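Quick notes on the structure that follows.
Just so you know, these numbers use all the heavy atoms, side chains as well, and skip hydrogens, waters and symmetry mates. Quick caveat, the model's predicted, so the values are computed rather than measured.
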Amino acid sequence: RSGRNPKAGVRSLSVRQITVTAQASNLKDVCGKEYLKEAVDRLVGWDRQVDTATYASLLRYCGNAKALCYGRLVHTQLIRAGHDRDRVLCNLLIQMYGKCGSLDDAYGVFDKIRNRNLFSWNIMIQAYALNGHVDRAKFVFEKMPQRDVISWTTMMVAYAHIGRVEDARRVFDKMPLRDVVSWTA
């Protein structure tokens, strides 16, 4: 059922509307901040299989809203649905937990990814750096099997943001490849 709920003054959405919209990768209209709670509550109460695009959209919204409790609910549903080995979703979980400041949860997901890609490593470094844990970011950076310009730039910016300009300069000087972002960061 769709329409207005006069008592709550909030638009009511059916699970079908949320899912169809999510599958079209357009959750923006359905679950902006005011609808995030409703979307996650419906996901939890729904007994049908939800596709990975729906989970991905919800994880992005939870991270951007810094809605850790809803992100954890989505993570739980993702596990129940058997999507906990999907690398893309795991990367989005790391990103969501990082944005919410839950670094132990972020690293827990990162640690379970069997075949990490560059994005997995970079997003873990970014989670630590975003939360001011530059030494932990450096630890992950040094363990990386390979690095790209994003890895180097993330470390450089992390050092610069906490005032360790000499360390940022050393990272910059060691960069094998620089791009416009590196030069202007």
Problem set entry | Student check: side-chain heavy atoms of Trp121 and Lys143 closer than 4.5 Å | yes

For this session: Mind checking the CD-CG spacing from Gln146 to Leu118? Nearest 0.5 Å is all I need.
Result: 4.5 Å

Exercise. With a 4.5 Å heavy-atom cut-off, do Met96 and Leu92 have their side chains touching?
Worked result: no

Problem set entry | Check: Asp148 side chain, Ile150 main-chain N or O, donor-acceptor pair, under 3.5 Å | yes

Problem set entry | Nearest atoms (heavy-atom pairs only) where Gly98 meets Asn131 | O-ND2, 2.9 Å

Seminar exercise, completed: So CZ of Phe110 and CG of Asp105: to nearest 0.5 Å the spacing works out to 15.0 Å

Exercise. So do the side chains of Thr153 and Met175 get within less than 4.5 Å of each other, counting heavy atoms only?
Worked result: yes

For this session: Report yes if some heavy atom in the side chain of Arg169 is under 4.5 Å from a heavy atom in the side chain of Tyr159; otherwise report no.
Result: no

For this session: Apply side-chain contact (heavy atoms from CB on, under 4.5 Å) to the pair Val88 and Thr52, showing each step before the final yes or no.
Result: CA-CA 9 Å; Val88 171; Thr52 57; over 6 Å; no

Problem set entry | Note: Arg114-Asp84 ion pair, threshold 4.0 Å (strictly below) | no

Exercise. Does a side-chain N-to-carboxylate-O contact under 4.0 Å join Asp135 and Lys138?
Worked result: no

Exercise. When you look at CG of Asn115, are more than 12 heavy atoms from neighbouring residues, nucleotides or ligands closer to it than 6.0 Å?
Worked result: no

Problem set entry | From CG (Leu78) to SG (Cys90), nearest 0.5 Å | 7.0 Å

For this session: Find out whether Arg136 and Ile125 are in side-chain contact, i.e. whether some heavy atom of one side chain is under 4.5 Å from a heavy atom of the other.
Result: no

Problem set entry | Minimum side-chain heavy-atom gap Asp86-Tyr55 below 4.5 Å | no

For this session: Taking all heavy atoms of Ile94 and all of Ala106, pick out the closest pair and write down the distance.
Result: CG1-O, 3.6 Å

For this session: Heavy atoms only: give me the nearest Ser120-Asn91 pair and the separation to one decimal.
Result: OG-OD1, 2.7 Å

Problem set entry | Euclidean distance, Phe119 CZ relative to Arg87 CZ, rounded to 0.5 Å | 11.0 Å

Exercise. Are there more than 12 heavy atoms of other residues, nucleotides or ligands under 6.0 Å from atom CZ of Arg164?
Worked result: yes

For this session: Compare all side-chain heavy atoms of Gln77 with those of Leu73 and state whether any distance is below 4.5 angstrom.
Result: no

Exercise. Looking only at heavy atoms, what is the nearest atom pair of Arg72 and Ser102, with distance?
Worked result: NH2-OG, 3.3 Å

For this session: Measure across Leu59 and Leu89 and return the closest heavy-atom pair with its distance rounded to 0.1 Å.
Result: CD1-O, 3.9 Å

Problem set entry | Closest non-hydrogen atom pair, Cys100 against Gly63 | SG-CA, 4.4 Å

Exercise. Shared ILVMFWY cluster between Val40 and Ile79, side chains joined below 4.5 angstrom?
Worked result: no

For this session: Quick one: do Trp152 and Phe172 satisfy ring-ring contact (aromatic ring centres under 6.0 Å, His included)? Show the steps, please.
Result: CA-CA 7 Å; Trp152 289 95; Phe172 181 78; over 10 Å; no

Exercise. With distance as the sole test, does Asp111 use its side chain to make a donor-acceptor pair with the main-chain N or O of Tyr107 at under 3.5 Å?
Worked result: no

Problem set entry | Approximate separation, where rounding is to 0.5 Å, of Leu130 CG and Gln95 CD | 10.0 Å

Exercise. Would you say the side chain of Val134 lies within less than 4.5 Å of the side chain of Asp167, judging by non-hydrogen atoms?
Worked result: no

For this session: Determine whether more than 12 heavy atoms belonging to other residues, nucleotides or ligands lie under 6.0 Å from atom CD of Glu166.
Result: no

Exercise. If you round to the nearest 0.5 Å, how far is CG of Leu68 from NZ of Lys99?
Worked result: 14.0 Å

